[in-house]
**Q** 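My questions will all concern the structure given below.
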Amino acid sequence: MLLFKGTKFVILPNRNASSLKFLAELLVKEGGMLVNEEKEIDCDTIVLINDSFITNTNTIMKNELFFKEFDLDPSTVWNNVNTYKLKCVRATCISEWLRKSSFQINPELVLSVEDNLEDNSEDHSGVKFVTHSATPLYNYDLITAKLLKNSEKAARQIPEVYSSSQNKSENSELAGKSMETEVSNKMGEEVKRTVDISQTTSVPKGNEKLIQALGRLAKRYEMKGDQFRARGYKLARIGIEQYPFKIESGAQAQEEISNVGASIAKKIQTLLDNGSLPGLQELFESEKRVDYFTRCHDIGIYTAKKWEIMGLKSFSEACTIFPEDFTRDWPILFGWSYYEDWLKPIRRDECEKLASVVQQELHLIDPQMKVEILGSYHRGAEKCGDIDLFFYKAGCDDISEIGRIMEDLSISLYRKGYVQCFLQLTRKIYKAFNKIIINRLEKCHLKTTPTLQYTARDDNPRKFMLGVKLPDKEKRQFESITFVDNYKLKPEDMFMSLNSDRSPCRRMDFFCCKYSELGAARLQWIGPKEFNRWIRLKAMHNGLKLTQHGLYDNHNVLLESFDEQRIFQLLNEDYISPSERNHVVKKRRKV
DNA sequence: TGGCAATACTG
DNA sequence: CAGTAT
DNA sequence: GCCA
């Protein structure tokens, strides 16, 4: 008897995520039906929510990404959900039902859907520079939509639940113009529901341990400098994260999960049998020291290992033994000074606030320039490690012009107190910033070498790496996050600290591209790294080469650089939306 | 057994 | 070129 | 480490 015979399901926001495709296949195999059109939805349809839109506190993330990624018309579907009061459960319940061979929707699994939009608009003070944003920041997908409107039908309607709490400037961007529009800082608005379904996590119980173990092994080999072996573990780990069933044996894992080979299968078996792997419990003391160092900006494994081999345990010790490391690679001084701040996660709303400061300043310099937040922010992360700002100008392929604008922009922001430090120099930046470097050198008693001359490169950099922060009074509105990982400087290194709990310094990167390379460049800076490697490998297997400048054939002839979706097409891949790029592996499943 | 993404910036 | 970064 |  088929488990789901006759039952209709709709998967939200869409069924294209790799793990969902797999579950959808199983569902159909067991007699379930997937709705393909809005009108097929009836009062008995079961709503499956992609787990990546359910937070770890078991609440539905009804934010902009959720609705943006709907296959079907979001407002029609959501209206149906509300009027029929359809049952919403996690998509991964499918694997649970299959495993138990029992299709039962226990009441505690049902996520409630009514809107309890509390007014969270705390943002009325100290936001002057936000409320006069001249051009919108978060318009990436709308731009894409515009570029593609030939191939797509009408622009999709934005559902009410979404647009009501939505950044108005986005809508006005559709009209091609937006002045004096109010920018909400509640872009990542979540409507939280507290439903305790703790027994149904997205990762099957028991696999967590394996994931953690592989992560540790990856970390260990990374610190050893064996990047490829580390990569092997990382890919296997991603595979297990995506695998919807409990792993019962090493052989099963090797058979079903890509990037799990003989060696990892054996380790998995050992873990299942013994609950642990020899020597995995904790990093060795030496590894801890390497770890401490490499978390500092501009300290990689090479330097960290060099210091560790010399028995050094802290930056201050390293500073006395290898002073030239610090005077030559002066950005280390800022990595040290902001060590703790730069390891703190950044909330989306703070990303937005900082970005709008930048955007305002940019508008003064050149109103034609556009800026977008890419990186993990764009992939929908609740907390970001840094803020990646991406600059371009319609019709402008002159990269040095944009470079100069970014340079002026960063210096203006430095003068206004937002930029705290630069991590690379141009002649202009050196002039403005030199004294701060000297100050840091003196602070740790390094002689300020007069030979501290800086290579003023002829061409403008197309990339700026900065430390930025909001003034204390403007920062106050952002609730502090409870840090799970709270990385601390050792006491003997604290004297260099410029960290601030009140208003932490943040890492911000500026990137730019030629207008003609917009698609390829966005692809790169949206990332994540693993996705970039995956898709570039894909290109390579097709005899092509993909870079931030475009997709090239084997004769280095440009095939496409402007249209992101066209690049996917040429690679024979379905378009993968930014938030889905977090979980891409080489193969979903072995045959 | 060789290859594992591809590029930018710095000394 | 090597090292660190994205 | 894994894979072709």
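Residue numbering restarts at 1 for every chain, and letters A, B, ... go by the order of the sequence lines. These numbers come from a predicted model, not from an experiment.
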**Q** Is there any protein nitrogen or oxygen under 3.5 Å from a nitrogen or oxygen in nucleotides 1-3 of chain C, and what are the pairs?
**A**
residue	atom	partner	partner atom	Å
C/dG3	OP1	A/Tyr302	OH	3.4

**Q** Figure out the CH2/C1' separation between A/Trp330 and B/dC9, and round it to whole Å.
**A**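 After rounding, the gap between these two atoms is 11 Å.
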**Q** Measuring from the side chain of A/Ile264 (C-beta onward, heavy atoms only), which nucleotide among D/dG1, B/dA6, B/dC9 has the closest atom?
**A**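 Of all the options, the side chain of A/Ile264 is nearest to D/dG1.
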**Q** With rounding to whole Å, what would you report as the distance between D/dC3 and B/dA5 at their P atoms?
**A**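 Their P atoms lie roughly 15 Å apart.
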**Q** How close or far is atom P of D/dC2 from atom CD1 of A/Ile240, stated in whole angstroms?
**A**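 So the two atoms are 11 Å apart, to the nearest Å.
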**Q** Taking only the side-chain heavy atoms of A/Arg462 (C-beta and beyond), determine which of B/dG11, B/dC4, B/dC9 contains the nearest atom.
**A** B/dC9
**Q** Rounded to the Å, how far apart are A/Met540 CE and B/dG2 C1'?
**A** 12 Å
**Q** Using a 6.0 Å cut-off, check whether atom NZ of A/Lys209 has over 12 heavy atoms from anything other than its own residue.
**A**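 No.
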**Q** Check the angle between the aromatic planes of A/Trp330 and A/Phe334 and answer parallel, tilted or perpendicular using the 30° and 60° thresholds.
**A**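 Ring orientation, 0 to 90° scale: perpendicular.
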**Q** Under 4.0 Å, heavy atoms only, any strand: does A/Ala262 hit a base, just the sugar-phosphate, or nothing?
**A**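 Sugar-phosphate contact only.
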**Q** So do A/Phe245 and A/Ile247 actually touch side chain to side chain, heavy atoms under 4.5 Å?
**A** no
**Q** In whole angstroms, how far is the C1' atom of D/dC2 from the CG atom of A/Leu214?
**A** 13 Å
**Q** Take the protein atom CG of A/Leu571 and the nucleotide atom P of B/dA5, then report the distance between them rounded to whole Å.
**A**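 For the pair A/Leu571 CG and B/dA5 P, the rounded distance is 15 Å.
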**Q** Whether the side chain of A/Arg581 engages the backbone of A/Ile526 through a donor-acceptor N/O pair (distance < 3.5 Å, no angle test) should be reported.
**A** no
**Q** Any base atoms under 4.0 Å from A/Lys306, or only sugar-phosphate, or nothing? Heavy atoms, all strands.
**A**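 No contact.
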**Q** Base, sugar-phosphate alone, or nothing: which one does A/Leu217 contact when heavy atoms must sit under 4.0 Å apart?
**A**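 If one applies the 4.0 Å heavy-atom cut-off, A/Leu217 turns out to touch nothing in the nucleic acid.
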**Q** Looking at every strand, decide which applies to A/Lys529 at a 4.0 Å heavy-atom threshold: base, sugar-phosphate, or nothing.
**A**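 Base contact.
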**Q** Side-chain N or O of A/Arg220 less than 4.0 angstrom from OP1 or OP2 on D/dG1?
**A**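 Indeed not, no polar side-chain atom of A/Arg220 lies that close.
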**Q** Are the side chains of A/Asn207 and A/Lys246 in touch, meaning some heavy atoms are under 4.5 Å apart?
**A**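 They are in contact (side-chain heavy atoms under 4.5 Å apart), so the answer is yes.
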**Q** Heavy atoms from C-beta onward define the side chain here; which of B/dA5, D/dG1, C/dA5 lies closest to that of A/Tyr221?
**A**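 Selected nucleotide: D/dG1.
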**Q** Output yes when at least one side-chain N/O atom of A/Lys545 is less than 4.0 Å from OP1 or OP2 of B/dT7, else no.
**A**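 Answer is yes, contact under 4.0 Å.
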**Q** Kindly point out which of C/dT6, B/dC9, D/dC2 is positioned nearest to the side chain of A/Gln424?
**A** B/dC9
**Q** Nearest whole Å is fine: how far is B/dT7 C1' from A/Lys514 NZ?
**A** 14 Å
**Q** Classify A/Cys296 by what it touches in the nucleic acid, base, sugar-phosphate, or nothing, heavy-atom distance under 4.0 Å.
**A** sugar-phosphate
**Q** Assuming nearest nucleotide by heavy-atom distance, tell me which of A/Leu423 and A/Leu544 is located more 5' along DNA chain B.
**A** A/Leu544
**Q** For A/Gln227 and for A/Asp329, locate the closest nucleotide of DNA chain B by heavy-atom distance; then report the residue assigned to the nucleotide nearer the 5' terminus.
**A** A/Gln227
**Q** Base, sugar-phosphate alone, or nothing: which one does A/Ile535 contact when heavy atoms must sit under 4.0 Å apart?
**A** nothing
**Q** Does A/Phe228 stack onto the base of B/dC4, taking stacking as ring centres under 5.5 Å apart and planes under 30° apart?
**A** yes
**Q** Of all the nucleotides listed (B/dA6, D/dG1, C/dA5), which has the minimum atom distance to the side chain of A/Tyr233?
**A** D/dG1
**Q** Counting only heavy atoms not in A/Lys224, do more than 12 fall under 6.0 Å of its NZ?
**A**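 12 or below, so no.
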**Q** Counting only side-chain heavy atoms from C-beta out, which of B/dT7, D/dC3, C/dT6 sits nearest to A/Asp509?
**A**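 Given the options B/dT7, D/dC3, C/dT6, the side chain of A/Asp509 is closest to C/dT6.
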**Q** Please state how far atom CG in A/Leu537 lies from atom P in D/dA4, giving the value in whole angstrom units.
**A**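 These atoms are roughly 10 Å apart.
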**Q** Within a strict 4.5 Å, meaning less than it, do heavy atoms of the A/Lys393 and A/Asp366 side chains meet?
**A** yes
**Q** Please work out if A/Arg237 contacts a base, only the sugar-phosphate, or nothing of the nucleic acid, heavy-atom cut-off 4.0 Å.
**A**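 Result for A/Arg237 = nothing.
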**Q** Testing the 3.5 Å rule here: is there a donor-acceptor pair between the side chains of A/Ser316 and A/Asp493?
**A** yes
**Q** Write down the distance between CG (A/Asp226) and C1' (D/dC2), rounded to a whole number of angstrom.
**A** 12 Å
**Q** Choosing from C/dT6, B/dG11, B/dA5, which nucleotide comes nearest the side chain of A/Arg533?
**A** B/dA5
**Q** Quick one: is B/dA8 close enough that its OP1 or OP2 comes under 4.0 Å of any side-chain N or O from A/His549?
**A**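 Yes, within the criterion.
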**Q** Answer yes if the ring centres of A/Tyr339 and A/Phe315 are under 6.0 angstrom apart, and no otherwise.
**A** yes
